[in-house]
Number of protein chains: 2
Amino acid sequence: MVQCLDPPLDLAFAALADATRRGIIDRLGRGHASITSLADTFQMTLTGMKKHIQVLERAGLVVTQKVGRVRTCGLGKRGLEAEAEWIETHRKLFEARFEALDDIISEIEQERSNDSAS
Amino acid sequence: MVQCLDPPLDLAFAALADATRRGIIDRLGRGHASITSLADTFQMTLTGMKKHIQVLERAGLVVTQKVGRVRTCGLGKRGLEAEAEWIETHRKLFEARFEALDDIISEIEQERSNDSAS
DNA sequence: TAAACACTGAACCATATGGTTCAGTGTTTG
DNA sequence: CAAACACTGAACCATATGGTTCAGTGTTTA
């Protein structure tokens, strides 16, 4: 519950901050795939795809196993629990503060005019 | 619903991939704050904090207004809806694939032994 | 066993990040 | 009006990202 520092969150959010990697997760959700087939799907070199997979692996979102010459990728055990929790928790803050948006200025200018009136 | 490309998601997830910025959101959820006070809270130079705020602003997670010499920051209208939706959608994929983790190898080795048997 | 295949690693490149310092600009405030 | 204040912008730095090519290594397969 208490989340001091949280490098896992850093890694996971960073991994999700790329459309290709989100696409990979999407793809792996429909079954595992080799690096070659992923590279083909996303029109990228093998090496480029391997880097993306490494990022996802470091974040715990993807696991891979090499059998023979093929490395097969699948979704990781870690899931997106922690990320979902952080977002849900903070989504409420946004909703609560929703109307504060336009009020920031008027509040402050209120204070200013009070000050100048004193 | 259909999310082709989604640069907003890129920006938001990238913004969340930093503990300091998550801390800023946390802080702004309890009321708006000036850049100076945020810089003080997070023990950082003004310029450094301003950059973080810019990242959050580009992602639409924070809004700022300058009144006089003070720029006040608050949570943005955008919220975390799209991010929550993406994560919730894909969280299910992880759960569904949960047991596939250890099965990847055995499945493939099964195929291999079938092949060698034929 | 030679060729094709799947991956791996090193090196390179352009750009972004996360931070700093320093030198402004514009706003209060004494 | 001068000093202090809050921010802004430019420049710099080290490291990371997202991609490439090229040259391996190890595995199948014909």
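The chains referred to below are lettered A, B, ... by the order of the sequence lines, with proteins before strands, and numbering in each begins at 1. This is a predicted model, so every value here is computed, not measured.
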Legend entry - ILVMFWY cluster, B/Leu38 and B/Ile25 together (side-chain gap under 4.5 Å):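 Yes; B/Ile25 is reachable from B/Leu38 via cluster members.
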
Legend entry - Within one Ile-Leu-Val-Met-Phe-Trp-Tyr cluster: A/Leu9 and B/Phe94, side-chain cutoff 4.5 Å: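 Yes.
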
Check the distance between [N]'s [atom2] and [X]'s [atom1] and give it to me in whole angstrom.
{"X": "A/Lys51", "N": "D/dT21", "atom1": "NZ", "atom2": "P", "value": "12 Å"}
{"X": "A/Met49", "N": "C/dG9", "atom1": "CE", "atom2": "C1'", "value": "18 Å"}
{"X": "A/Ile35", "N": "D/dG26", "atom1": "CD1", "atom2": "C1'", "value": "15 Å"}
{"X": "A/Met44", "N": "D/dT17", "atom1": "CE", "atom2": "C1'", "value": "12 Å"}
{"X": "A/Asp10", "N": "C/dG18", "atom1": "CG", "atom2": "P", "value": "9 Å"}
{"X": "B/Ile53", "N": "D/dG9", "atom1": "CD1", "atom2": "P", "value": "15 Å"}
{"X": "B/Asp18", "N": "D/dT15", "atom1": "CG", "atom2": "P", "value": "18 Å"}

Inset, instruction - Tell me which of B/Ala14 and A/Ser34 sits closer to the 5' end of DNA chain C, going by the nucleotide each one is nearest to. - result: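 Of the two residues, A/Ser34 wins.
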
Inset, instruction - Could you tell me whether A/Glu95 and A/Lys92 make a salt bridge, using a distance below 4.0 angstrom between a side-chain N and a carboxylate O? - result: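 Not counted as a salt bridge, because no side-chain N and carboxylate O are separated by less than 4.0 Å.
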
Inset, instruction - Could you tell me whether A/Arg78 and A/Glu83 have a side-chain N and a carboxylate O separated by less than 4.0 Å? - result: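 Here A/Arg78 pairs with A/Glu83 in a salt bridge, since their nearest N and O are under 4.0 Å apart.
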
What nucleotide, of [options], holds the atom closest to the side chain of [X]?
{"X": "A/His52", "options": "C/dG19, D/dG19, D/dT20", "result": "D/dG19"}
{"X": "B/Arg69", "options": "D/dG18, D/dC5, C/dG19", "result": "D/dC5"}
{"X": "B/Val70", "options": "D/dA6, C/dT8, D/dT20", "result": "D/dA6"}
{"X": "A/Leu46", "options": "C/dA6, D/dT8, C/dA11", "result": "C/dA6"}

OP1 or OP2 of [N] versus the side-chain N and O atoms of [X]: is any pair under 4.0 Å?
{"X": "B/Lys66", "N": "C/dT27", "answer": "no"}
{"X": "B/Thr47", "N": "C/dT20", "answer": "no"}
{"X": "B/Lys50", "N": "D/dG9", "answer": "yes"}
{"X": "B/Arg21", "N": "C/dG18", "answer": "yes"}
{"X": "B/Arg71", "N": "D/dT8", "answer": "yes"}

Inset, instruction - Name the orientation class of the two ring planes belonging to A/Phe13 and B/Phe13 (parallel below 30°, tilted from 30 to 60°, perpendicular beyond 60°). - result: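 Taking B/Phe13 first and then A/Phe13, their aromatic rings lie parallel (interplane angle under 30°).
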
Inset, instruction - Please determine, for D/dA23, whether a Watson-Crick or G-U wobble partner exists with both distances under 3.5 Å, and give it or none. - result: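 The base-pairing partner of D/dA23, which may sit in any strand shown, is C/dT8.
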
Legend entry - 5' precedence on DNA chain D between A/Thr45 and B/Ser37 (nearest-nucleotide basis):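 Its nearest nucleotide lies further toward 5', so the answer is B/Ser37.
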
